[in-house]
There are 2 protein chains.
Amino acid sequence: MPTKVAIVEDDRLVREMLAGFLNDSPGFRCVCQFENAADALREIPQARPDVVLMDINMPGMSGIECLARLKELLPAIPVLMLTVYADTDNIFHALQAGASGYLLKRTDPDKLLEAIREVMSGGVPMTGEIAQKVIATFRPHPAGRPVPETPELSAREVEVLDLLARGFVAKEVADRLQLSFDTVRTYIRRIYVKLHARSRGEAVSKYLKSKRP
Amino acid sequence: MPTKVAIVEDDRLVREMLAGFLNDSPGFRCVCQFENAADALREIPQARPDVVLMDINMPGMSGIECLARLKELLPAIPVLMLTVYADTDNIFHALQAGASGYLLKRTDPDKLLEAIREVMSGGVPMTGEIAQKVIATFRPHPAGRPVPETPELSAREVEVLDLLARGFVAKEVADRLQLSFDTVRTYIRRIYVKLHARSRGEAVSKYLKSKRP
DNA sequence: TGTCTCGTCCCCCAAATGAGTGACGCCGCG
DNA sequence: CGCGGCGTCACTCATTTGGGGGACGAGACA
């Protein structure tokens, strides 16, 4: 019985070429394809593929969000992320959400089949490029601790974050710290990048947790 | 030597009547008056009054914010809050920020002098009406614990807050919980009221602190 | 029975936020 | 000596938020 593959990819061309390629490869079968995350979430539980190939950049729900939700429905299903970008942030989020592998789209087709086989046998395939970034993320800089660390915020950033945690809005922080509003917003943005956060709530929560674990 | 009083009050009429009244009262002296919080913050450290009468409702910086900052500059100076509103929220914030007393403006003038005397001798004067609300705030409902409690959030509210702490925005929370966007916002608003918070950051911070003190 | 809290949803509005850019000077590390 | 990180500020834009309302049914509690 061939390995049943589901494809989630908004670009029709890429999607169909991928499906075609899989169907031409002995031992693989594309059993369903979706052009958006919502459809995928709805149909995949019925389709019961063995593995999902998921694009990250899609209009509407992102592949990472889709991955996270899919994992709630079907925790066991392996999902391979496919993307054109090798940016640390997406990698981080995808792995955190339970991705079973992370491939760049420019990966050559044979490697893709290999990766699917690998994932089916419990591996976590990723290109060397990605693997490097992954280990970099988990080992901040020097002689590393093995756990994901809070990237160290600068003193100013901590000041700002602390005030945010105490309920002040950006404008009030600016007043208090005698800074311009835009400066404070710059800090907040940098904090988000460092903490992999997207909102006040997440930043504050990670900040507090890093203080008292 | 008379007690030196500073007045912060935007309403000119009220301010001057108050000053006049104090200056007519033996043992009291209004040494400075300000029509806004910013001026007060700038001048009060120089003027060195014995006590500050602070209005809450002022355009621009509120009396509570002014109080908080003043306390950073001069932690020892007693500040009496004067307000027309007896709403729990302002009381809560003012006391938290270090107010030494909380009077309603409709308090009769003699009581005001008495309150100033009381504050000067280390007391925390407040009208009975206020005092009631204060104790109510510190003792949620039944047979009370003496410490300020996290008002218990409902199960749904906790669910929402938890997702907020994990970085989801209201819309995403709605999707995840299968609720309408407006419903989620209603929860968030109720959470703010219960937690005396004004933002994601403050709510999340109080929530996490209540879980691990 | 009346009054409350919940859970759910709806509307409006002004202000705050996030995101994307861009810029400039300073400092430290290689 | 350049490059990156930091601190500082500016501008634009769509979206989200916070803060007001109001509404209705289901239970709880009195």
Side-chain angles (χ1 to χ4, degrees), chain A residues 57 59-62 65 85 87-90 93 136 140-142 151-161 163-204 206, chain B residues 57 59-62 65 85 87-90 93 136 140-142 151-161 163-204 206:
Chain A
N57 286 94
M61 195 190 307
S62 84
E65 173 70 4
Y85 305 109
D87 66 297
T88 311
D89 225 60
N90 273 335
H93 281 301
H141 308 114
E152 51 295 316
L153 301 175
S154 76
R156 220 42 170 161
E157 285 159 357
V158 169
E159 273 187 288
V160 169
L161 186 46
L163 290 173
L164 290 183
R166 285 159 57 191
F168 296 99
V169 299
K171 190 165 153 3
E172 294 167 337
V173 173
D175 286 351
R176 235 158 225 264
L177 261 33
Q178 301 261 78
L179 292 174
S180 106
F181 179 65
D182 277 301
T183 301
V184 171
R185 310 199 63 219
T186 299
Y187 289 142
I188 294 177
R189 268 180 261 112
R190 290 181 183 170
I191 289 169
Y192 286 171
V193 171
K194 289 187 181 178
L195 259 37
H196 301 281
R198 305 140 56 217
S199 66
R200 297 299 201 258
E202 194 174 7
V204 166
K206 294 196 171 178
Chain B
N57 286 94
M61 195 189 307
S62 83
E65 174 70 5
Y85 306 109
D87 66 297
T88 312
D89 227 60
N90 273 335
H93 282 301
H141 306 114
E152 51 295 316
L153 301 176
S154 76
R156 221 40 170 163
E157 286 159 357
V158 170
E159 273 187 287
V160 169
L161 186 45
L163 290 173
L164 290 183
R166 287 159 56 189
F168 296 99
V169 300
K171 191 163 146 10
E172 295 167 335
V173 173
D175 286 352
R176 233 157 228 263
L177 262 30
Q178 303 261 78
L179 291 174
S180 104
F181 178 66
D182 277 302
T183 302
V184 172
R185 310 202 60 221
T186 300
Y187 289 142
I188 294 176
R189 270 181 254 111
R190 288 181 184 170
I191 288 168
Y192 286 171
V193 172
K194 289 187 179 176
L195 258 37
H196 300 281
R198 304 142 55 218
S199 67
R200 296 303 202 255
E202 194 173 6
V204 165
K206 294 196 171 177

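A, B, ... follow the sequence lines: proteins, then strands. Residue 1 opens every chain.
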Locate the shortest heavy-atom distance separating [X] from [Y]; write the atom from each residue and the value.
| X | Y | value |
| --- | --- | --- |
| B/E157 | B/K194 | OE1-NZ, 2.8 Å |
| A/E65 | B/R176 | OE2-NH2, 3.7 Å |
| A/G167 | A/E172 | O-OE1, 4.2 Å |
| B/A203 | B/I191 | CB-CG2, 4.4 Å |

In whole Å, what is the span from the [atom1] atom of [X] to the [atom2] atom of [N]?
| X | N | atom1 | atom2 | value |
| --- | --- | --- | --- | --- |
| B/F168 | C/dG18 | CZ | P | 15 Å |
| A/I188 | D/dG7 | CD1 | P | 14 Å |
| A/L195 | C/dG18 | CG | P | 13 Å |
| A/F181 | D/dC9 | CZ | P | 13 Å |
| A/K194 | D/dG7 | NZ | C1' | 11 Å |
| B/L179 | C/dC10 | CG | C1' | 14 Å |
| B/E202 | D/dT17 | CD | C1' | 15 Å |
| A/E157 | D/dG5 | CD | P | 12 Å |

Check: When you check every protein heavy atom under 4.0 Å of nucleotides 25-30 of chain D, what one-letter string (B, S, -) results, 5' to 3'?
Finding: ------
Checklist line | Reading 5' to 3' through nucleotides 19-30 of chain C, protein heavy-atom contacts under 4.0 Å coded B for base, S for sugar-phosphate only, - for none | finding: BBB---------
Margin query: Counting C-beta onward and ignoring hydrogens, is there a side-chain heavy-atom pair between B/L153 and B/L195 closer than 4.5 Å?
Written below: yes
Checklist line | Side chains of B/V184 and B/L163 in contact at under 4.5 Å (non-hydrogen atoms) | finding: no
Notebook entry, point to check: Between atom CG of B/L161 and atom CZ of B/R200, what is the distance when rounded to the nearest 0.5 Å?
Noted result: 9.5 Å
Check: Hey, what do you get for OG (B/S199) to OH (B/Y192), rounding to the nearest 0.5 Å?
Finding: 6.0 Å
Please tell me if [X] has a side-chain N or O lying less than 4.0 Å from either OP1 or OP2 of [N].
| X | N | result |
| --- | --- | --- |
| B/K171 | D/dA14 | no |
| A/R156 | D/dC6 | no |
| A/T183 | D/dC9 | yes |
| A/S154 | D/dG7 | yes |

Notebook entry, point to check: Could you walk me through whether B/R156 and B/T183 pass the side-chain contact (heavy atoms from CB on, under 4.5 Å) check?
Noted result: CA-CA 11 Å; B/R156 221 40 170 163; B/T183 302; over 6 Å; no
Notebook entry, point to check: Is a donor on one side and an acceptor on the other found under 3.5 Å between the side chain of A/Y187 and the backbone of A/V158?
Noted result: no
Checklist line | Closest-nucleotide ordering on DNA chain C, the 5'-leading residue of B/Y187 and A/G201 | finding: B/Y187
Notebook entry, point to check: Of B/Q178 and A/S199, whose closest DNA chain C nucleotide lies nearer the 5' terminus?
Noted result: B/Q178
Next item on the list: Compare the minimum distances between each of C/dT17, D/dT8, C/dC9 and the side chain of A/A170, then state the nucleotide with the smallest one.
Entry: C/dT17
